[in-house]
Amino acid sequence: MLARIFQPARTAMQSGKAKTREWILEFEPASARALDPLMGWTSSTDMNGQVRLRFDSKEDAIAYAEKHGIPFRLHEPQQAPVILKAYADNFAYGRKQPWTH
């Protein structure tokens with residue numbers, strides 16, 4: 001019953017960073033999911049797959065896992081590079097590519 005502790009990435013549909021500041025502890029699947037042949041639903045016998053705990057900090061999540069004897073793997077977040085852009089750069093005289101429309 002291995003858990004993973006991570007900070008979720010932002011959604012690909014929006015540029016905002018809502019719900020990415022907290023840390024999440026969730027269990028990795030212990031068994032594969034099975035497909036029901038009649039209805040097409042997926043099912044699993046692993047009930048820990050439904051557990052998702054949220055913490056304010058990484059240290060809180062690690063402390064919780066150690067207190068309850070849960071083996072865990074920590075996934076550090078990758079920082080996105082900050083690219084400073086200005087709208088005026090589109091019309092700069094020394095622009096590398098020509099304006100196309």
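Here the shortest heavy-atom pairing between L25 and A65 reads CD1-CB, 4.0 Å. Residue A3 comes nearest to I70 through the heavy atom pair CB-CG2, 3.7 Å, listed as atom of the first residue, atom of the second, then distance. Minimum heavy-atom separation, I24 to P8: CD1-CG, 3.9 Å. The shortest non-hydrogen separation linking G40 to L35 is O-CD1, 3.3 Å.
L38 forms part of a hydrophobic cluster together with M39, W41, judged by ILVMFWY side-chain heavy-atom separations under 4.5 Å. Within the hydrophobic cluster formed by Ile, Leu, Val, Met, Phe, Trp and Tyr side chains joined at under 4.5 Å, directly or through other members, L84 is accompanied by V82.
Sorted by first and then second residue, the pairs that involve residues 44-66 and meet ring pair (Phe, Tyr, Trp, His ring centres under 6.0 Å), not counting sequence neighbours, are F55-Y64, Y64-H68. The ring pair (Phe, Tyr, Trp, His ring centres under 6.0 Å) pairs that include a residue from residues 1-31 number zero, where partners must be two or more places apart or lie in different chains. Residue pairs meeting the salt bridge (charged side-chain N to carboxylate O under 4.0 Å, His left out) criterion with at least one partner in residues 27-41, sequence neighbours excluded, are E28-R73.
Cluster annotation: L53 is not connected to M47 through the hydrophobic network of ILVMFWY side chains, with a link wherever side-chain heavy atoms come within less than 4.5 Å. Two different hydrophobic clusters hold L74 and L2 under the rule that ILVMFWY side chains link at heavy-atom gaps under 4.5 Å. Grouping the Ile, Leu, Val, Met, Phe, Trp and Tyr side chains by contacts below 4.5 angstrom, directly or via other members, places I62 with M1.
Judged as a side chain to side chain contact (heavy atoms under 4.5 Å, CB included), and not counting sequence neighbours, the contacts of S31 are S44, T45, D46. With sequence neighbours left out, the side-chain hydrogen bond (donor to acceptor under 3.5 Å, both in side chains) criterion links E22 to R54. Applying the salt bridge (Lys or Arg N to Asp or Glu O under 4.0 Å) test to E76 and every residue at least two apart in sequence or in another chain returns K58. By the side-chain hydrogen bond (donor to acceptor under 3.5 Å, both in side chains) test, S57 pairs with D60, sequence neighbours left out. For the salt bridge (Lys or Arg N to Asp or Glu O under 4.0 Å) test, residues two or more places apart in sequence or in another chain that qualify with R4 are E26.
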